[in-house]
*Asks:* 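Input: one structure, supplied below.
The structure presented is a predicted model; accordingly, all values stated were derived computationally and were not measured. So you know, we letter chains A, B, ... as the sequences are listed, proteins then strands, and number each from 1. Computed over heavy atoms, backbone and side chain alike; hydrogens, waters and symmetry mates excluded.
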2 protein chains.
Amino acid sequence: MEDQLSDRGKRILEAVIEDYIQTAEPVGSRTITRSHALALSPATVRNVMSDLEEMGLLTSPHTSAGRIPTDKAYRLYVNSILEARQNLTAGKRDEIRRRCRMAGKDPAEVLKEASRLLSSTSSYMGVVIAPRMAANLFHQMEFVKLSSHRILAILVSQNGTVQNRLLEIDEEIAQEDLVRMANYLNGMLQGLTIGQVRERLLAELQSEKVQYDSLMKKAIALSEQTIRTDSAEIFLEGQANILDQPEFADAAKMREIFRAFEKKSTLLDLLDRSMQAEGVQIFIGTESPLLKMEGMSLVTSTYLTGKDTVGVLGVIGPTRMGYGRVIPIVDYTAKLISRMLEGE
Amino acid sequence: MEDQLSDRGKRILEAVIEDYIQTAEPVGSRTITRSHALALSPATVRNVMSDLEEMGLLTSPHTSAGRIPTDKAYRLYVNSILEARQNLTAGKRDEIRRRCRMAGKDPAEVLKEASRLLSSTSSYMGVVIAPRMAANLFHQMEFVKLSSHRILAILVSQNGTVQNRLLEIDEEIAQEDLVRMANYLNGMLQGLTIGQVRERLLAELQSEKVQYDSLMKKAIALSEQTIRTDSAEIFLEGQANILDQPEFADAAKMREIFRAFEKKSTLLDLLDRSMQAEGVQIFIGTESPLLKMEGMSLVTSTYLTGKDTVGVLGVIGPTRMGYGRVIPIVDYTAKLISRMLEGE
DNA sequence: GATTAGCACTCAAAAACTCAGAGTGCTAAC
DNA sequence: GTTAGCACTCTGAGTTTTTGAGTGCTAATC
């Protein structure tokens, strides 16, 4: 009928969504009049709900059940929340802060704790993706000789992230040479990001002057090996939490979900795209076509650990998720993590 | 009746167990005579089964269902398997070897891949515990200055394991001093295990001569901080696999299990005790009182990565597990991992 | 004209019931 | 010692019944 949502319609839709979020049961006209103190009779509500259904905002699983919000309705609802963002209670805030502090200073530790924290405060799944190594600032490289044919290469970036790799070599290299190699490289690579370092090394490997100096050639080849892989680290915590959600009570659904999250790559793809935009983003149900995440939603935010090093963290839960509660949690956590890791 | 298990009894018990492992259904006298070509009538089998029940080796969920082996029966069965150990097929063996090679050289990578491998070849859960750092041989220590008040300490052990830790300091230390400190420590700690290193550092910290040299005091304090934590790394893979097991089809059970494995510490406690004995060990159902692992069994083996560095790996699955298949897998994997990580 | 009371109708989920079949234990025959 | 036969038991699958929450429509009401 009327394509525009009336104020009353909006209020009732909200009521349906909130009830449904709480109970996970289709909600009927009766329930709404009782719990939400609208001065309306069930019959009126029914009429409005019928309109809402017409507009594609509600569906009913069957004739004689209550109604359920569609993804479209959630989208509307979430947008209105995003506008009128409420703040976290001081208590929650403190708890988050406290637990972040606890984690210590090591970036990996902090991120892991953040993921745990997201999971436990939201009671859904917490997920954190570490920034790509490539964007980190190079700080130093070391070669440690373990035995005649094994070298451990250690790559340290400015923010304290460490990447190490065991290399096999054909020809023994003296420890002094290793030190010299490292010094040479450290001089050359100062101030670059890891990504740039990689390019530089590849370029250098081609260049003529290096061809003549076999030690330097080796050095560059070794460091190139070290730096080659850039597997994004991903922390997924609280998987068991979603087992408590009634919509996944049946075994088949559960299995599907767990299988999906076992391959971290799918998750990575999904979160990678929210790295573009800044701030809180929300993907509802099938809005993210990557995963056939029937009935799952994703609340993410980007965080920064340096000028250009951006990571993503967030909460994965059922579409029927307490957005009003989760959004500020994600938002605040992202900001806190940024502050913790960036400021130093 | 007769407390001694007759040969026939043993054969029938085995038949019950094997059928049950396959089908997860209580097995009746009929089924056994059909599938296992014992020249016996169902009635006879029934009599024998009745005896077995008397002995506490079988139970029936109710009067008119078939019978199910008890933990005691599994124990018997497993022991007989352990005696007459069969070998892996060449195919499986090759597959395991191939995948281990793939993982590269980094110890952590190898162990993670081993866990994945255990899970996928057994189709249960794979678990690997890295040897305690304490037993590793100290190789070298480095301090990298990140900013005026932040130092990255890197601890390398002989086998290529790296442990690093971000330290905050009150007073700036020059990079040269850091190098000197590292040199001093590396000289002092050569040849010790990480565990001994820790003791030595604590002792040194007390000793008088150190009190006078503030730099050395700092060095020791810093390295002591680095080495303090020894959190055992644990790789648990293929959790989704157990979702396929019919005995965990119902949601409540699943939840319980996932919750239990979420805290890695329980798992750690459990596996720690199998570190004592050497070789393959099997814990059936409630034999391991630590976890109230109703219906779960554990097949483990120790592996070595050095003279005294012993880790544990294994498979966790339902009590109704294909022991005959799993045991050689665990055994072979443990030996292979030992060979890969020890030999160098 | 919007709202609401009233009522017939619908449908899923729960409860109650039926029944076939797998399995047992016992007894008597081989 | 083994087996055929039989009465008995119990679960699980399938059906039917019942219940109750909820709807949509119509007519009365504000």
*Asks:* Given atom CG of Leu58(A) and atom C1' of dT23(D), what is their separation to the nearest angstrom?
*Replies:* 14 Å
*Asks:* Over how many whole Å does the gap from Arg30(A) atom CZ to dT23(D) atom P extend?
*Replies:*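 The distance from CZ of Arg30(A) to P of dT23(D) comes to 10 Å, rounded to the nearest Å.
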*Asks:* Rounded to the nearest Å, what distance is computed from the CZ atom of residue Arg8(A) to the P atom of nucleotide dA2(C)?
*Replies:*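 Atom CZ in Arg8(A) sits about 9 Å away from atom P in dA2(C).
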*Asks:* Which residue, Thr31(A) or Ala43(A), contacts DNA chain D at a nucleotide closer to its 5' end, judged by nearest heavy atom?
*Replies:*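 Taking each residue's closest nucleotide, the earlier one in sequence belongs to Thr31(A).
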*Asks:* Could you state the atom-to-atom distance from CG of Leu38(A) to C1' of dT4(C) in whole Å?
*Replies:*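 After rounding, the gap between these two atoms is 15 Å.
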*Asks:* Which nucleotide in the set dA4(D), dA12(C), dG22(D) lies at the smallest distance from any side-chain heavy atom of His62(A)?
*Replies:*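 Comparing dA4(D), dA12(C), dG22(D) against the side chain of His62(A), the answer is dA12(C).
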*Asks:* Under 4.0 Å between a Lys/Arg side-chain N and an Asp/Glu carboxylate O for Asp244(B) and Arg259(A)?
*Replies:*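 Result for this pair is yes, salt bridge flagged.
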*Asks:* Considering just the side-chain nitrogens and oxygens of Thr63(B), establish if one lies under 4.0 Å of OP1 or OP2 belonging to dC10(D).
*Replies:*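 For dC10(D), OP1 or OP2 has a side-chain N or O of Thr63(B) closer than 4.0 Å.
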*Asks:* Please give, in whole Å, the distance from dA12(C) P to Glu25(A) CD?
*Replies:* 15 Å
*Asks:* Could you check how far CD1 of Ile32(B) sits from P of dT24(C), rounded to whole Å?
*Replies:* 9 Å
*Asks:* One pair to check against side-chain contact (heavy atoms from CB on, under 4.5 Å): His36(B) and Asp19(B). What are the steps and the verdict?
*Replies:* CA-CA 9 Å; His36(B) 285 265; Asp19(B) 262 32; 2.9 Å; yes
*Asks:* Regarding Tyr77(B) and Glu18(B), do their side chains bring together a donor and an acceptor under 3.5 Å, going by distance alone?
*Replies:* yes
*Asks:* Strictly below 4.0 Å, N to O, side chains only: are Arg320(A) and Glu247(A) in salt-bridge contact?
*Replies:*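 Glu247(A) and Arg320(A): salt-bridged.
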*Asks:* Testing Ile68(B), Val16(B), Ile12(B), Val48(B) for side chain to side chain contact (heavy atoms under 4.5 Å, CB included) with Leu58(B), which one passes?
*Replies:*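 Single pass found, and it is Val16(B).
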*Asks:* At under 4.0 Å, does any side-chain N or O of Arg67(B) touch on OP1 or OP2 of dA22(C)?
*Replies:* no
*Asks:* Please give me every residue in residues 10-24 of chain B whose heavy atoms get under 4.0 Å of an atom in DNA chain D, ordered by residue number.
*Replies:*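 Heavy-atom cutoff 4.0 Å gives no residues at all.
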*Asks:* Would you indicate what Ser29(A) reaches in the nucleic acid, counting non-hydrogen atoms under 4.0 angstrom: base, sugar-phosphate, or nothing?
*Replies:*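 If one applies the 4.0 Å heavy-atom cut-off, Ser29(A) turns out to touch the sugar-phosphate alone, with no base involved.
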*Asks:* Starting from P on dC26(C), measure out to CG on Asn47(B) and report it in whole angstrom.
*Replies:* 9 Å
*Asks:* Do we see a donor-acceptor contact under 3.5 Å between the side chains of Arg99(B) and Ser120(B)?
*Replies:* yes
*Asks:* Is there a side-chain polar atom (N or O) of Ser64(A) under 4.0 Å from OP1 or OP2 of dT23(D)?
*Replies:* no
*Asks:* Give, for atom NZ of Lys72(B) and atom CE of Met55(B), the distance between the pair rounded to the nearest 0.5 Å.
*Replies:*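 Those atoms lie 8.5 Å apart.
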*Asks:* From CD of Glu53(B) over to P of dC26(C), roughly how many Å is that when rounded to an integer?
*Replies:*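 One finds 11 Å between P of dC26(C) and CD of Glu53(B), rounded.
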*Asks:* Using only side-chain N and O atoms of Arg46(A), determine if any of them is under 4.0 Å from OP1 or OP2 of dT4(C).
*Replies:* no
